[in-house]
Every structure is written in structure tokens, then in C-alpha cells.
Amino acid sequence: MDKYEQVIEMAKRRGFLWNSFELYGGTAGFYDYGPLGSTLKRRIEQIWRETYVVQEGYMEIEAPTVGIEEVFIASGHVGGFSDPLCECKNCGEAFRADHLVDKIVAVADTLSDKELDKVIRENNVRCPECEGELGETYEFNLMFKTQIGPGSGRQGYMRPETAQGMFVDFLRLARFYRDKLPFGATQIGKSYRNEISPRQGVIRLREFTQAEAEIFIDPNDKKHTNFSRFADTLVNLYSDEAQDRGIVDKMSLAEAVEKGIIAHEFLAYQIGLTNHFLQRVGIVADKLRFRQHKKDEMAHYAIDCWDAEIETDRFGWVEVVGIADRTDYDLKAHAAVSKTELSIYREYSEPKMVTQFVVKPNMGKLGPLFKGKAKDIAEALKAMSVEELEKDNIKVTVDGEELIVPKEIVEFAEETVKISGENIIPHVIEPSYGIDRIFYSTMEHAFEEEMVAGKDDTEEEEARIVMRLKKEVAPVQVAVLPLLTREELITPAKNVEIQIKQKGLLVSYDDSGTIGRRYRRNDEIGTPYSITIDYDTLEDNTVTIRDRDSMKQVRAPIEGIADLLYEMIYIGRDFESAGKAL
RNA sequence: GCGCCGAUGGUCUAGCGGCUAUGACUGGGGCCUUCCAAGCCCUAAACCCGGGUUCGAAUCCCGGUUGGCGCACCA
């Protein structure tokens, strides 16, 4: 049994992850998060919010998961997010059309559907299964389609990423941030991809959770004001060049920027932030690296792109975060499709005096003379040079028609104008997180089976499954356990439970089975602390606190126990300082 | 999507044409119990779905669903 199997088996048994629709046989690519799973996931998301929204100041928005066609035409998903399929007319089997002809044409994956059909017909390619005739090639789009409204309502798609919501809201966001770069927005939510064959459990899902930030920055200034925070941070960098060597470099982010390995400071800062976040939720530092996209795998519009990869037992290095400088590609694409300028006005620190050639047609005369064509003529005149305008009769061509404009109704001059700023299209830095993959990695890295001494100091050792989750992400934070199932212990235990609940901690009360069994149950789900109420409690109002990782105990007064636990879980207070060691 | 292999209580598993379906762990109730899966009693809980072959199918055959692996795909 490998670690994946062990983790998934436990996750299923204890209520972290379940196959969706199991009652009806299940469907690949969908998972339910059980009571503990959804709590753990929510805690990871909460730390992400704390990191990106609270600390970085990139406010969260919430756009619909259903999008209209225009959005995905602009994003390129309607046209590009698909594979060409081709069905056999005889047996109905579907094939990748480009694969059917890749022995015939070298560049099969670059051909259009029509070109593929042509190659298939000219070479008499038949169905590989039954030798039947093949139908026409069509695009199988990886987006889930849906209908908005009844009848012939408009075509909608389930979003394949949350990013587009932030791009579409760009002008509103710019206004919200009072037109000052850099600014950013974030979104945590579900995205959908109709994968042809999802595998690998929660690593590849048809419905998954993304956390994305779109940070809009000045294309001329990619420094980061807070770069010093991560300048000396050492990260595992697997650059394009390092991949050729096959060796991961451990390097400070400042050095990586200096050497030009990471394109610029802003991107390096984002790598530092991702490195910080992943370790905070419990990813082991040695099993984390940043891999640079090779030149040929990077999208053509991107300047630089790094994936955070986590090493897992079964799947090897899994990509969990993509961090890219997408330049102005997305804003330009939406500007083109929406016919709306998506730019921001940036004021210069000092206004510039610019000398420029200005043409001023006299519209009061141009109008009556040329009627409806006047506007087009004026535009044409503005584009002309001094030489042309100095002629007595200025020739203008509008809609293929040559017209003569009298010299006296056009004024032009060299003018010096004050320009105090310009419209710029920001560049986008996009950290894009796959939360489900991080969730699984967190569990796998925390999962441990260790041998511990058995009862009564016998030679026998026994296995203990313990999830060493970070205290901050553990779903159950405190277990309250009366040592024995007796009324006189149960009552004070219930009182302790109430006190801890009031502090907002998730507490689980458990009096079923022996104390050892209850400790093990809580170890398995990663509960960091267990409070045990025993007979000394009745004497002096103290309880024991047991530490999950060391199995050590300290004794502390009930008074203030909830505050103490809160500090240990969230503020990093030492376990040893919590009470008298036992 | 293709090929190969699998699917039995919550979990892991026995079964190889005669089933009233093994066992362990877990869960629930109780007895006992003063700190790390102890013991005893009671109890709940399963043949993935649909066809076929057969007197008889968990078992053999076909199809589907689903899981794993390889190919392909994907970031």
C-alpha cells in the first residue's frame, strides 16, 4: 500500500474525502469533501485570504461560475480550449483526429478541422477499430456548456478558470482602487473542465477549486516595494536552464533576479509569497520547488512563468500553483472583443511639454460643403503631412472617392501642448492556485505512521497513525475527553467543552472507549491538543493538555484554558509554557 | 478515448458453479477501567449495475459504471 492509498483510505474512513454520487455508482472527476475535509479545506482557503486579501490588499470578488460566450471568445477558451475529435460512422467510436493523421502529416496538431478532414479523405484513413468510414472532424471543447434561460436562450459556459471574472471587472476594479497601480483582485471558487479522462483522485477533477489573484502592474515598473521581505529567502529553483542540467538550485530570490533567472522583482516577490503560503499550510520545504516553464511550453504572450510543484509519493512532482507574467494580453483581448478601452490613466510625476503637429479643420465650413462625408474628411486631414496640407488644393481620398478641400478651411500648426499623463494597459501578474491539489498534498505530507511503545512498557511496539497537520489548519482543534465514562467526570468535561466553544475553537467531545483509543482517533485526524478531565480535576480544577506530536502532557488550570489553547493554535505559544509538565 | 488488471459490511479481506457469504479492524449499547488502539457480553453492517448461460451465479460470459496502471490528453 503506497502513501496515496493510505491517505485516501483514511480520508474516506474519517470523513475527509468521498467519491461523489457513490450511492448511484459514482462519476469520475468529482469528489465530496466530508465534514473534516471541508473544514480543512476552508482553513487552507482562510490562510490564503489572510495572505492575499488581508496582507497584500488584493480584495476578493465573487463573479458567477456561469459565463456568457463573449467572455470565453475573448479569453480564447471557445476557440482554443478544445481537442479535434472524429467519430466513426459505423461503430460510433470517437478518435482524436490529429492523432489519426500524425503518421501522415508531421504538423497534425496545427491543422484546422477542415484540413484534418482533407488529409483523412485524401489518404483514405479509416476507423482503427472497424475500418468504417470516418465522419467530419469537430472540436470537443473542454468547457461544460449550458443554456442561459429557456428555449433558444443564449449559450453559456461553466467557467474553466476564475481569472476572467477579474479581467471583465477591470474598469470597476480600477475605479475602486482609485486608478492607482499596482492593484489586484482575488477570487476563490469553483471552476469546471470537462476532462476527457480524469484520474489521480483529487489531483485532476472536473469541478475544482481555484484561488487566483490578478495583479495589475505598471508595465514600465516591475519592481516590488516590499521585495526586501523575501530578498534573502532561499527557494528551490528549477529554471529552464537548470532543467537541462537536471539539478535544482537553492538560491535567494534577490540572486535569482540579479542573475536574470526570474524575469523581475514583482514575479520573484510572488514566488516568495507562494513559498511562504505553502509552507504555512504544511507543505514540507524539501518537497517544494519552483519550476520555470521552458520557452516552448510557455504561452506566447507570457514573459515568464513559474509553477510551484510539490513532490508526492505516487504522482511525483505535481503542479499546484502557476505564477505568470501574462503581460497585457488578457486586457487587450477583452478590449478588442468588447470594443472598450481597458487602460488606466497614469499621471506623470511632472507634466511633459510636447511639441506636436496639429491639424484643425474648420468644421463650420467643412460641414455645409461636404455634408455627411465631413467627419471622414476631417479624420483624413488630421493624418496628413505638412507638405500635403500646404498645397492650394488638398486632395483627400474618402471611401475610394477623391475630393478636393480648399486650403483656407484647414488650419495647421506646430503646437506645444502640456501632457500630464498617458493611458497605459497594465501588465498582469497571475498567481493561480489549485486548492484541491494543495489540500491533498497537505494531508500526504502530514500523514505519518510511526512505531510507539505499547501499554505497560512491554517490549511490544505498535503502529500509530498521526497526521501532523499544522495547528492552524487542523479541522478539529481540541478534543475534550473525560478519563472515564463516569458522571462526575462527564459534567466538568462538558463545561470545559462549552468554554472552548465560546472561544470559537472547533472542539470534539468524546467519551466512547478507553482513553488510549480516543487519543489515537484524534491523532489520526490531526487534532493538535487533547484535554483530559481526571480525578485531580475535581480536587484542584486543573486538566491535562496532551500534545499530538510528542504525546507529552502538561497540567493547567481550567480557568483560562480556552485562551491558552487559542494562543497555542494561532499565536504559536509553546506547548511547554502551557502548564506543569507531567 | 484505447489497452491491461480489479470491484464482497464503514475499512481491509476469504471465496474459484451448491451460500444460510469468512474473518479482522472499526462503529453502537453495556460491564469493567485513574492516561495512550487492554478484556468480556450484546449489536449493526456487504456480493457495483444490467443482461445472458445454468436446475442453481459472489463465482462463468457480454455490456455498462467505477478504481488502478500504461498510452494518449491536460497544467
Side-chain angles (χ1 to χ4, degrees), chain A residues 1-2 4-6 8-15 18-30 34 81-88 92-100 102 109 128-129 140 142 160-161 193-201 203-206 208 210 291 293 297-299 305 307-309 314 317-322 324 432-434 437 452-458 460 462-466 481-486 488-489 512-524 530-538 543-544 546 548 551-553 555 582:
Chain A
M1 196 143 98
D2 67 7
Y4 172 80
E5 235 175 312
Q6 284 184 294
I8 291 297
E9 187 269 316
M10 190 279 287
K12 205 187 273 183
R13 201 158 33 81
R14 291 297 190 191
W18 295 321
N19 263 306
S20 294
F21 320 118
E22 231 180 353
L23 186 61
Y24 294 102
T27 297
F30 296 96
F81 198 58
S82 60
D83 294 327
L85 289 189
C86 179
E87 283 175 23
C88 172
E93 200 66 62
F95 304 93
R96 281 286 300 270
D98 50 341
H99 294 163
L100 288 171
D102 60 6
D109 55 349
E129 290 295 308
F140 177 75
L142 263 17
E161 58 176 22
R193 294 181 187 179
N194 202 0
E195 301 285 354
I196 294 172
S197 171
R199 297 265 185 90
Q200 307 171 328
I203 303 294
R204 224 162 120 228
L205 296 169
R206 287 187 166 125
F208 57 102
Q210 284 189 311
R291 192 183 69 82
H293 279 206
E297 77 179 291
M298 193 158 58
C305 184
D307 288 342
E309 297 185 327
R314 177 179 288 195
W317 290 95
V318 175
E319 180 213 331
V320 299
V321 186
S432 171
Y433 287 67
R437 291 178 172 189
V452 294
K455 202 179 160 88
D456 298 333
D457 296 329
T458 49
E460 293 282 302
E462 59 193 21
R464 173 174 90 121
I465 292 177
V466 53
L481 319 167
L483 185 61
L484 302 170
T485 322
R486 286 195 181 154
E488 64 266 33
L489 295 181
S512 146
T514 62
I515 189 70
R517 183 188 294 275
R518 283 177 277 161
Y519 286 150
R520 292 303 164 79
R521 266 203 285 259
N522 279 291
D523 287 343
E524 202 175 46
S530 296
I531 304 298
T532 307
I533 288 81
D534 58 18
Y535 280 92
D536 288 354
T537 308
L538 305 182
V543 291
T544 65
R546 172 188 179 269
R548 172 197 70 200
M551 301 197 287
K552 286 185 178 143
Q553 288 181 298
R555 186 161 271 281
L582 290 180

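Values in this document were obtained by computation on a predicted structure and should not be read as measured data. Order of the sequence lines fixes the chain letters, A, B, ..., with proteins taken first and strands second; residue numbering starts at 1 for each chain.
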Would you give a per-nucleotide map of nucleotides 65-70 of chain B, 5' to 3', where B means the base has a protein non-hydrogen atom under 4.0 Å away, S means only the sugar-phosphate does, and - means neither? SSSSBB
How would you summarise protein contacts on nucleotides 27-33 of chain B per nucleotide, using B for base, S for sugar-phosphate only and - for none, with heavy-atom distances below 4.0 Å? SS----B
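Inspection of the A/Tyr519 and A/Arg464 side chains reveals no N or O donor paired with an N or O acceptor under 3.5 Å.
Going from the C1' atom of B/rA75 to that of B/rC62 covers 39 Å, rounded to whole Å. Nucleotides B/rG9 and B/rC47 place their C1' atoms 10 Å apart, quoted to the nearest Å.
When Watson-Crick and G-U wobble pairs are counted only if both distances are under 3.5 Å, B/rG6 pairs with B/rU66. Within the shown strands, nothing qualifies as a pairing partner of B/rU54 under the Watson-Crick or G-U definition with both distances less than 3.5 Å. Partner assigned to B/rC40 is B/rG30, using Watson-Crick or G-U wobble distances below 3.5 angstrom.
Counting any heavy atom pair closer than 4.0 Å across all strands shown, A/Glu319 reaches a base atom. No contact: A/Arg464 has no heavy atom under 4.0 Å from any strand. Within 4.0 Å (heavy atoms only), A/Arg520 reaches at least one base atom of the nucleic acid. Using a 4.0 Å heavy-atom cutoff across all strands shown, A/Glu5 reaches no nucleic acid atom at all. Within the 4.0 angstrom heavy-atom criterion, no nucleotide atom of any strand lies near A/Arg518.
By the ring pair (Phe, Tyr, Trp, His ring centres under 6.0 Å) test, A/Tyr4 is found to be paired with A/Phe315, A/Tyr440, residues two or more places apart in sequence or in another chain being considered.
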Verify side-chain contact (heavy atoms from CB on, under 4.5 Å) between A/Arg314 and A/Gln200, making sure each step is shown before the conclusion. CA-CA 9 Å; A/Arg314 177 179 288 195; A/Gln200 307 171 328; over 6 Å; no
